[in-house]
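These numbers come from a predicted model, not from an experiment. Heads up: numbering here begins at 1 and tracks the sequence.
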Amino acid sequence: MATPDFIRTLRASAGHQLLWLPGVTAIVLDDRHRVLLNRRADTGRWAVIGGIPEPGEEPAACAVREVFEETAVMCVPERVLSVQALRPVTYGNGDVCQYMDITFRCRAVGGEARVNDDESLDVAWFPVDALPELDEFGLTRIKQALSDAPTWFDPMS
């Protein structure tokens, strides 16, 4: 994932310390109920589409922007699937971030799936019964997108 300029500015004064950041994930389905995935340039693994909102950007608008920037597919957010504080991540350069992820189920409305930036090695549609190897994060959110269950959040103890 490319680091947004506003985070580079924060890092100039914050160093590697933990940054608490918003994150957005988009589970994009087409009219054949296939899922849009990208193979990430940073890990080489297939993943669901996501990113970091710019300051002041609405989460749903971020989902639409990230999907288009990474895959050239236009989409419309249909509903919030989950809201979850993720575990902290330490990147190779020592930076530590923790994300509050908001996941949207989105419907593809145009464009042709293709690599559209330097964050992806490949982009493709996959039938839900023939997904490539994905991490638990992606699998859980795809399962949520295919369900009519209410928005998921971690219940209070």
Side-chain angles (χ1 to χ4, degrees), residues 1-29 35-108 115-124 126 131-147 149-157:
M1 174 186 318
T3 304
D5 289 338
F6 80 95
I7 292 177
R8 290 182 209 279
T9 301
L10 283 172
R11 284 286 178 212
S13 61
H16 297 299
Q17 70 179 305
L18 174 71
L19 291 182
W20 175 246
L21 298 169
V24 171
T25 301
I27 306 300
V28 184
L29 301 171
V35 179
L36 182 64
L37 301 173
N38 72 333
R39 194 158 59 88
R40 295 173 56 106
D42 59 350
T43 66
R45 295 179 48 94
W46 287 99
V48 294
I49 312 301
I52 300 170
E54 295 291 330
E57 183 178 32
E58 291 292 334
C62 175
V64 170
R65 177 182 55 77
E66 288 288 344
V67 168
F68 186 77
E69 283 179 0
E70 296 180 20
T71 71
V73 170
M74 292 174 281
C75 70
V76 174
E78 295 181 317
R79 72 182 184 97
V80 174
L81 297 175
S82 66
V83 178
Q84 183 180 23
L86 305 179
R87 292 187 174 146
V89 176
T90 301
Y91 293 98
N93 66 356
D95 288 351
V96 182
C97 295
Q98 186 171 10
Y99 298 96
M100 173 61 74
D101 178 67
I102 301 171
T103 299
F104 292 90
R105 180 176 70 190
C106 300
R107 179 176 34 91
V115 173
N116 204 33
D117 66 9
D118 59 358
E119 295 182 40
S120 302
L121 299 173
D122 200 0
V123 170
F126 291 91
L131 295 171
E133 184 178 330
L134 294 172
D135 61 21
E136 191 62 33
F137 178 91
L139 290 172
T140 297
R141 277 145 179 80
I142 291 169
K143 181 179 175 182
Q144 290 169 326
L146 299 173
S147 165
T151 300
W152 182 91
F153 56 91
D154 194 6
M156 295 179 359
S157 301

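- Contact check on D135 versus R45 returns no salt bridge, with no Lys/Arg side-chain nitrogen under 4.0 Å from an Asp/Glu carboxylate oxygen.
- Looking only at side-chain heavy atoms (C-beta outward), V96 and L19 stay at 4.5 Å or farther from each other.
- Under the 4.5 Å side-chain criterion, counting only non-hydrogen atoms from C-beta, L81 is not in contact with T151.
- Within the 4.5 Å cutoff, no side-chain heavy atoms of W152 are placed close to those of T103.
- Panel note: side chain R11, backbone Q17; a donor-acceptor pair is recorded below 3.5 Å.
- The closest side-chain heavy-atom distance from V28 to V67 is below 4.5 Å.
- A 4.5 Å side-chain heavy-atom check between D101 and V24 finds every atom pair outside the cut-off.
- What you find for E119 and D117 is that their closest heavy atoms are N-OD1, 2.9 Å.
- At least one donor-acceptor pair under 3.5 Å links the side chain of Q98 to the backbone N or O of L86.
- One distance of note links CD1 of I49 with OG1 of T71; it measures 5.5 Å at 0.5 Å rounding.
- Centroid-to-centroid, the aromatic rings of Y99 and W20 stay 6.0 Å apart or farther.
- Other residues, nucleotides and ligands place no more than 12 heavy atoms under 6.0 Å from the CD atom of E58.
- With contacts defined as side-chain heavy-atom distances shorter than 4.5 Å, the pair F104/R79 does not qualify.
- Summarising the geometry of L139 relative to L134, their closest heavy-atom pair is CD1-O, 3.7 Å, with the distance given to 0.1 Å.
- Of the N and O atoms on the side chains of E70 and N38, at least one donor lies less than 3.5 Å from an acceptor on the other residue.
- Smallest separation of non-hydrogen atoms from A85 and M100: N-SD, 3.8 Å.
- Using modelled atom types and a 3.5 Å distance limit, the side chains of S120 and D122 yield no donor-acceptor pair.
- With a 4.5 Å cut-off on side-chain heavy atoms, N116 and V123 do not count as touching.
- A donor-acceptor distance shorter than 3.5 angstrom exists from the side chain of E57 to the backbone of E54, with no hydrogens or angles considered.
- Residue A26 comes nearest to V48 through the heavy atom pair O-CB, 4.4 Å, listed as atom of the first residue, atom of the second, then distance.
- No side-chain N or O of R141 forms a donor-acceptor pair with one of T25 less than 3.5 Å apart.
- You'll find the side chain of R107 stays beyond 4.5 Å of the side chain of L29, heavy atoms only.
- Closest heavy-atom contact between L18 and C97: CD1-C, 3.7 Å.
- When every heavy atom of G44 is checked against every heavy atom of L121, the shortest pair comes out as CA-CD1, 4.1 Å.
- For R65 and F68, the positive end is not near the middle of the six-membered ring at less than 6.0 Å and at most 45° from its axis.
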